[in-house]
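Here's the structure, in structure tokens; my notes come after.
Numbers here are sequence positions counted from 1. Ligands are counted one by one from 1 in listed order, and the atoms in each one are counted from 1 as well.
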Amino acid sequence: MMGQGPAPFLELQGVTKRYPNGTLALTGISLAVGEGEFLAIVGASGCGKSTILRHVAGLVAPTAGRISWSKPPATGGVGMVFQEPTLMPWACIRDNVRLPLDLAKVPRAEADARVTALLAQVGLADFAQAYPRELSGGMKMRASIARALVTRPRLLLMDEPFAALDEITRQKLNDDLLALWREQRFTAMFVTHSVYEGVYLANRAIVMAPRPGRIHADIPLDLPYPRDEALRTDARYAAACRAVSLALADAILRAA
Ligand SMILES: Nc1ncnc2c1ncn2[C@@H]1O[C@H](COP(=O)(O)OP(=O)(O)OP(=O)(O)O)[C@@H](O)[C@H]1O
Ligand SMILES: [Mg+2]
């Protein structure tokens with residue numbers, strides 16, 4: 001991965017994080033992410049998955065090591081979707097999704113046009129005027145994804161975004177997310193507890209080991225895109241899920 005070829009889009013080199021209370025959350029995380037990749041990050045609870053995303057988002061600084069970019073991300077260059085939809089309850093969906101553009105002082109007409117297009121893409125065209133409380137969990141998540149993508153980020157970070165949704169809604173959102181990824185060509189880092197979800201989405205799985213958090217395995221997922229329902233019963237999908245599950249079990253056993 002290192003050496004030949006263009007510099008990776010994003011690179012973590014020996015990233016170690018000790019939180020102020022003494023918890024060693026990450027140790028020696030080295031990870032090179034190529035432009036346009038879709039990474040799934042899996043690992044036991046507490047192994048530092050969210051901490052990795054927070055570092056990449058620039059929300060926390062590493063205790064040791066460094067994070068470098070082939071080109072520093074501009075404002076709005078990194079989008080983040082949290083497990084909770086985190087919408088403003090007093091604002092309608094259109095205003096929620098437009099917020100990052102308002103903060104960036106994008107002219108209202110242009111911002112509104114972008115919000116309208118994106119709401120249509122995430123299937124919320126008819127809910128622009130609705131308030132978050134009027135939406136289902138899946139719809140709120142769609143709105144959160146629209147808000148994260150409205151600045152056209154080059155990198156989209158997602159922290160277990162669909163964990164609270166039922167299976168069918170989750171699968172639909174997986175398909176819609178892949179369609180957005182193929183169209184907008186952002187790079188994606190997707191944290192999930194579901195091996196099946198991670199393998200369905202990603203072209204590479206990062207398996208983490210806990211205590212302290214570190215990378216245990218980096219598994220390429222050479223399944224073709226576009227991916228659809230047929231993949232779920234494909235033997236190659238089953239084999240990839242098995243490889244990631246085994247690595248995950250191994251990571252947890254070794255840490256025990
Ligand atoms: N702000 C903080 N201060 C102190 N310790 C923290 C802080 N945030 C996280 N930790 C600790 O760092 C470790 C990694 O936490 P992190 O939230 O990154 O794990 P995770 O892999 O995302 O877990 P989960 O799957 O449960 O979301 C845990 O031991 C956690 O208790
Ligand atoms: Mg987490």
query: What's the verdict on salt bridge (Lys or Arg N to Asp or Glu O under 4.0 Å) for Asp222 and Arg236, showing C-alpha distance, side-chain angles and the deciding distance?
result: CA-CA 9 Å; Asp222 297 321; Arg236 292 170 297 175; over 6 Å; no
field: Evaluation steps, side-chain hydrogen bond (donor to acceptor under 3.5 Å, both in side chains), between Arg18 and Thr27
entry: CA-CA 9 Å; Arg18 190 180 285 284; Thr27 181; over 6 Å; no
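With hydrogens and angles ignored, the 3.5 Å screen pairs no side-chain donor or acceptor of Arg147 with any backbone N or O of Pro100.
In terms of hydrophobic clustering, with Ile, Leu, Val, Met, Phe, Trp and Tyr side chains grouped at heavy-atom distances under 4.5 Å, Leu173 and Leu87 are assigned to a common cluster.
Heavy-atom contacts from other residues, nucleotides or ligands closer than 6.0 Å to CZ of Phe127 number 12 or fewer.
Taking the charged nitrogens against the carboxylate oxygens, Lys49 and Asp159 have no contact shorter than 4.0 Å, which rules out a salt bridge. A salt bridge does not link Asp175 with Lys172: none of the charged nitrogens is closer than 4.0 Å to a carboxylate oxygen.
Within ligand 1, the atoms closer than 4.0 Å to a non-hydrogen atom of Gly48 are 14 (C), 16 (P), 18 (O), 19 (O), 20 (P), 21 (O), numbered from 1 in the order shown. Proximity to Arg54 (heavy-atom distance under 4.0 Å) selects the following atoms of ligand 1: 8 (N), 17 (O). Here is the list of ligand 1 atoms found below 4.0 Å of a heavy atom in Asn21: 4 (C), 5 (N). For ligand 1, the atoms sitting less than 4.0 Å from at least one non-hydrogen atom of Thr51 are 14 (C), 15 (O), 16 (P), 18 (O), numbered in the order shown with element in parentheses.
In this structure the side chain of Leu24 reaches within 4.5 angstrom of the side chain of Thr16, judged on heavy atoms.
Summary of contacts: the protein heavy atom closest to atom 28 (C) of ligand 1 is Gly46 O, 3.7 Å. Among protein heavy atoms, atom 26 (O) of ligand 1 sits closest to Ser45 OG, 2.5 Å. What sits closest to atom 31 (O) of ligand 1 on the protein, heavy atoms only, is Thr23 CG2, 4.7 Å. Regarding atom 9 (C) of ligand 1, its nearest protein heavy-atom neighbour is Tyr19 CE1, 3.3 Å. In this structure, the protein non-hydrogen atom closest to atom 25 (O) of ligand 1 is Lys49 NZ, 2.7 Å.
Where the criterion is an N or O separation shorter than 3.5 Å, residue side chain and backbone included, Cys47 meets it with respect to ligand 1. Between Ala25 and ligand 1, not a single N/O pair is under 3.5 Å apart.
Contact annotation: His193 has at least one heavy atom less than 4.0 Å from an atom of ligand 1. Contact between Glu160 and ligand 1 is present, with at least one heavy atom of the residue lying under 4.0 Å from the ligand. Heavy atoms of Met208 come nearer than 4.0 angstrom to ligand 1 in no pair at all.
Of the candidates Val97, Leu103, Leu101, Leu99 forms a side-chain contact (heavy atoms from CB on, under 4.5 Å) with just one, namely Leu103.
Relative to the six-membered ring of Tyr196, Arg232 misses at least one condition, a distance below 6.0 Å or an angle of at most 45° to the axis.
Taking backbone and side chain together, Ser45 holds no N, O or S atom under 2.8 Å from the Mg ion (ligand 2).
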